[in-house]
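Excluded from the calculations below are hydrogen atoms, water molecules and symmetry mates; all remaining heavy atoms, backbone and side chain alike, are included.
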Amino acid sequence: MKNRPRYDKPIRNRKQALLLALLLLPLPAAFLYFVKTHTAAPVLRLSETEPAFYQEDALFAREEPVTNPYSDLSVPTLICKIQETYFIVDCYHNQILYSDSVDKPVSEWNVMTDQIDKGHTLASDGSVFLADDTERNRILVFEKKADRFIHTQTLPDIGIRPHYLIYREEENSFYAWSSMTGEMYILKREEDSSRVYISEIRRIPELNGIYVRSFTILEDDIYFVSGNSTIIRADLASFQIRETYPVPDAIAGMIQLAWIDGYYYMTVSTDGQGSQDAATIIRTKDLHTLASQDYEDVYSAFIGGGTPYYISYFDQRYYLTEHRLPGHAVWSFSSENGHLTDIKAIF
């Protein structure tokens with residue numbers, strides 16, 4: 001009797017003992033135990049440690065969607081189409097806009113969220129919408145309710161300055177890139193649920209501490225643009241480096257690599273010293289020729305003089321975001337047989 005716990009009745013089985021132990025744990029520890037032991041596959045559950053904020057957000061307290069309060073865009077980084085809705089990430093206005101038409105003036109677009117800090121990208125699997133909250137090092141999850149978007153989940157501690165986010169239908173996974181740590185966070189949505197979790201973190205150690213703004217997946221390869229004056233091609237599944245492509249200082253500060261009509265296109269923000277005077281768009285058919293400065297500069301087709309950012313594709317056309325050039329924030333264009341055609345300034 002002297003070894004019996006100080007309770008009125010003895011513990012009669014292991015199940016009862018486990019329940020007692022959980023009751024004695026602090027609440028967070030008990031919760032983590034439950035998550036660990038009641039999940040079919042081992043995952044990193046970081047999504048429950050910060051609440052969604054939409055209930056206290058005046059933007060969503062209104063019955064009708066909120067119209068964009070600005071008449072222009074301030075450093076737009078991405079324009080995309082998800083299902084039948086168009087989105088613009090308006091980075092320096094700290095908001096994401098949406099519209100049923102890409103032809104409306106931006107002052108007539110609605111605000112999806114104004115609770116991001118210098119966000120850059122948006123992606124969706126059709127059920128949930130993920131946005132990188134870059135300066136807060138986290139991912140925000142939204143769901144569409146009627147004609148509005150409601151913030152329902154926050155995934156904190158997504159590396160440092162998550163900067164680029166895509167959805168890969170082939171894997172039912174989101175890829176979220178930590179731009180300063182060389183880490184890729186693979187996110188999945190729970191089956192028959194809207195909850196998103198981190199399933200894996202893949203790493204390129206050579207990019208830890210190097211500012212890399214994006215990645216590009218082509219077949220079973222993943223390319224990282226030249227934050228360290230070298231483009232890296234790695235195996236998508238293992239992240240083992242397959243090949244590197246040195247680039248000259250003049251185009252070292254790349255933003256994105258895109259495969260368009262038989263060419264590798266690269267948007268460039270700065271040179272190796274960080275000067276935006278070097279901003280341009282180049283293309284080549286062979287990445288090996290970059291080191292010898294054997295590439296074509298095509299920025300003059302878009303007037304030039306600004307800073308091009310991300311290129312996207314929808315409605316059978318390519319779209320380019322740009323800043324530093326008043327009156328030209330988003331472009332639309334086509335490419336036929338290697339020739340850029342039908343170039344239009346949208347905003």
Side-chain angles (χ1 to χ4, degrees), residues 73-78 89-92 94 117-121 132 134-135 137 159-164 177-184 203-216 222-234 241 243-258 260 263-311 320-331:
L73 300 169
S74 182
V75 188
T77 49
L78 176 73
V89 182
D90 193 7
C91 181
Y92 273 41
N94 296 316
D117 191 351
K118 305 296 187 298
H120 285 74
T121 51
D132 47 29
T134 300
E135 299 302 330
N137 307 321
I160 298 177
R161 304 189 75 243
H163 209 304
Y164 197 72
W177 176 244
S178 167
S179 67
M180 296 300 299
T181 63
E183 295 174 313
M184 185 73 76
R203 295 176 173 86
I204 299 285
E206 290 81 357
L207 295 180
N208 185 23
I210 305 296
Y211 184 31
V212 177
R213 296 174 175 90
S214 73
F215 61 90
T216 302
I222 183 167
Y223 294 76
F224 297 93
V225 290
S226 59
N228 61 345
S229 297
T230 302
I231 296 174
I232 290 177
R233 179 172 67 92
I241 295 177
E243 194 169 6
T244 60
Y245 309 91
V247 304
D249 181 80
I251 58 172
M254 291 183 179
I255 295 174
Q256 183 190 25
L257 179 152
I260 300 175
Y263 287 87
Y264 296 99
Y265 279 74
M266 284 142 281
T267 53
V268 178
S269 175
T270 68
D271 59 18
Q273 284 69 50
S275 172
Q276 289 196 58
D277 291 339
T280 191
I281 303 174
I282 65 169
R283 71 179 187 179
T284 181
K285 289 189 174 183
D286 184 356
L287 295 177
H288 295 93
T289 67
L290 294 175
S292 59
Q293 301 186 44
D294 183 9
Y295 53 80
E296 181 183 1
D297 192 311
V298 297
Y299 197 26
S300 60
F302 301 87
I303 296 181
T307 299
Y309 221 81
Y310 292 139
I311 297 173
L320 167 72
T321 54
E322 180 183 52
H323 59 272
R324 286 203 309 148
L325 194 63
H328 298 88
V330 178
W331 295 85

### Message
Testing the 3.5 Å rule here: is there a donor-acceptor pair between the side chains of T181 and E183?
### Response
yes

### Task
Sequence neighbours left out, what passes side chain to side chain contact (heavy atoms under 4.5 Å, CB included) with T230? Give chain and number order.
N228, T244

#### Entry: Nearest-0.5 Å distance, CE of residue M184 to OG of residue S178
10.0 Å

### Query
How long is the span from the CG atom in N94 to the CG atom in D117, to the nearest 0.5 Å?
5.0 Å

### Task
Without swapping roles, check the side chain of T216 against the backbone of L257 for a donor-acceptor pair under 3.5 Å.
yes

### Query
Nearest heavy-atom pair of D286 and T289: which atoms, and what distance?
O-OG1, 2.8 Å

### Task
On the 0 to 90° scale, with breaks at 30° and 60°, tag the Y211-H163 ring pair as parallel, tilted or perpendicular.
tilted

### Query
With a distance cut-off below 6.0 Å to the six-membered ring centre and an angular limit of 45° from the axis, does K285 pair with Y264 as a cation-pi contact?
no

### Query
Just by distance, do the side chain of D297 and the backbone of Y299 share a donor-acceptor pair under 3.5 Å?
yes

### Query
Regarding Y245 and E243, is there a side-chain donor-to-acceptor distance under 3.5 Å anywhere?
yes

### Query
Under a 4.5 Å cut-off applied to non-hydrogen side-chain atoms, are S226 and I251 in contact?
no

### Message
Return the CD to CZ distance between E296 and R283, rounded to the nearest 0.5 Å.
### Response
4.0 Å

### Task
Determine whether the side chains of R324 and T307 contain a donor N or O and an acceptor N or O closer than 3.5 Å.
yes

### Task
Name the orientation class of the two ring planes belonging to F224 and W177 (parallel below 30°, tilted from 30 to 60°, perpendicular beyond 60°).
tilted

### Message
Using side-chain heavy atoms (C-beta onward) and a distance below 4.5 Å, is L207 in contact with I232?
### Response
yes

#### Entry: N/O donor-acceptor pair under 3.5 Å between T267 side chain and Y309 backbone
yes

### Message
Do T321 and T77 pair up side chain to side chain, a donor and an acceptor below 3.5 Å, judged on atom types alone?
### Response
no

### Summary
When every non-hydrogen atom of P248 is compared with those of L290, the smallest separation belongs to CD-O, 3.0 Å

### Message
List the residues meeting side chain to side chain contact (heavy atoms under 4.5 Å, CB included) with T121, not counting sequence neighbours, and say none if there are none.
### Response
L78, D132, Y164, L165, Y310

### Query
Just how far is it from atom OH of Y265 to atom CD1 of I281, taken to the nearest 0.5 Å?
9.0 Å

### Task
Give the minimum heavy-atom separation between A234 and I204, together with the two atoms involved.
CB-CD1, 4.1 Å

### Task
Output yes when a side-chain donor or acceptor of Q256 lies under 3.5 Å from a complementary backbone atom of I311, and no otherwise.
yes

### Message
Check whether S229 reaches the backbone of A252 with its side chain - one donor and one acceptor, N or O, closer than 3.5 Å.
### Response
no

#### Entry: Side-chain ion pair, E135 and K118, N-O less than 4.0 Å
no

#### Entry: T270 versus A278, closest heavy-atom pair with distance
C-CB, 4.0 Å

#### Entry: Backbone N/O of I255 and side chain of S214: donor-acceptor pair under 3.5 Å
yes

#### Entry: Exercise: identify the closest heavy-atom pair between Q273 and D249
OE1-OD2, 2.8 Å

### Task
State whether a side-chain donor-acceptor pair under 3.5 Å links D271 with Q276.
no

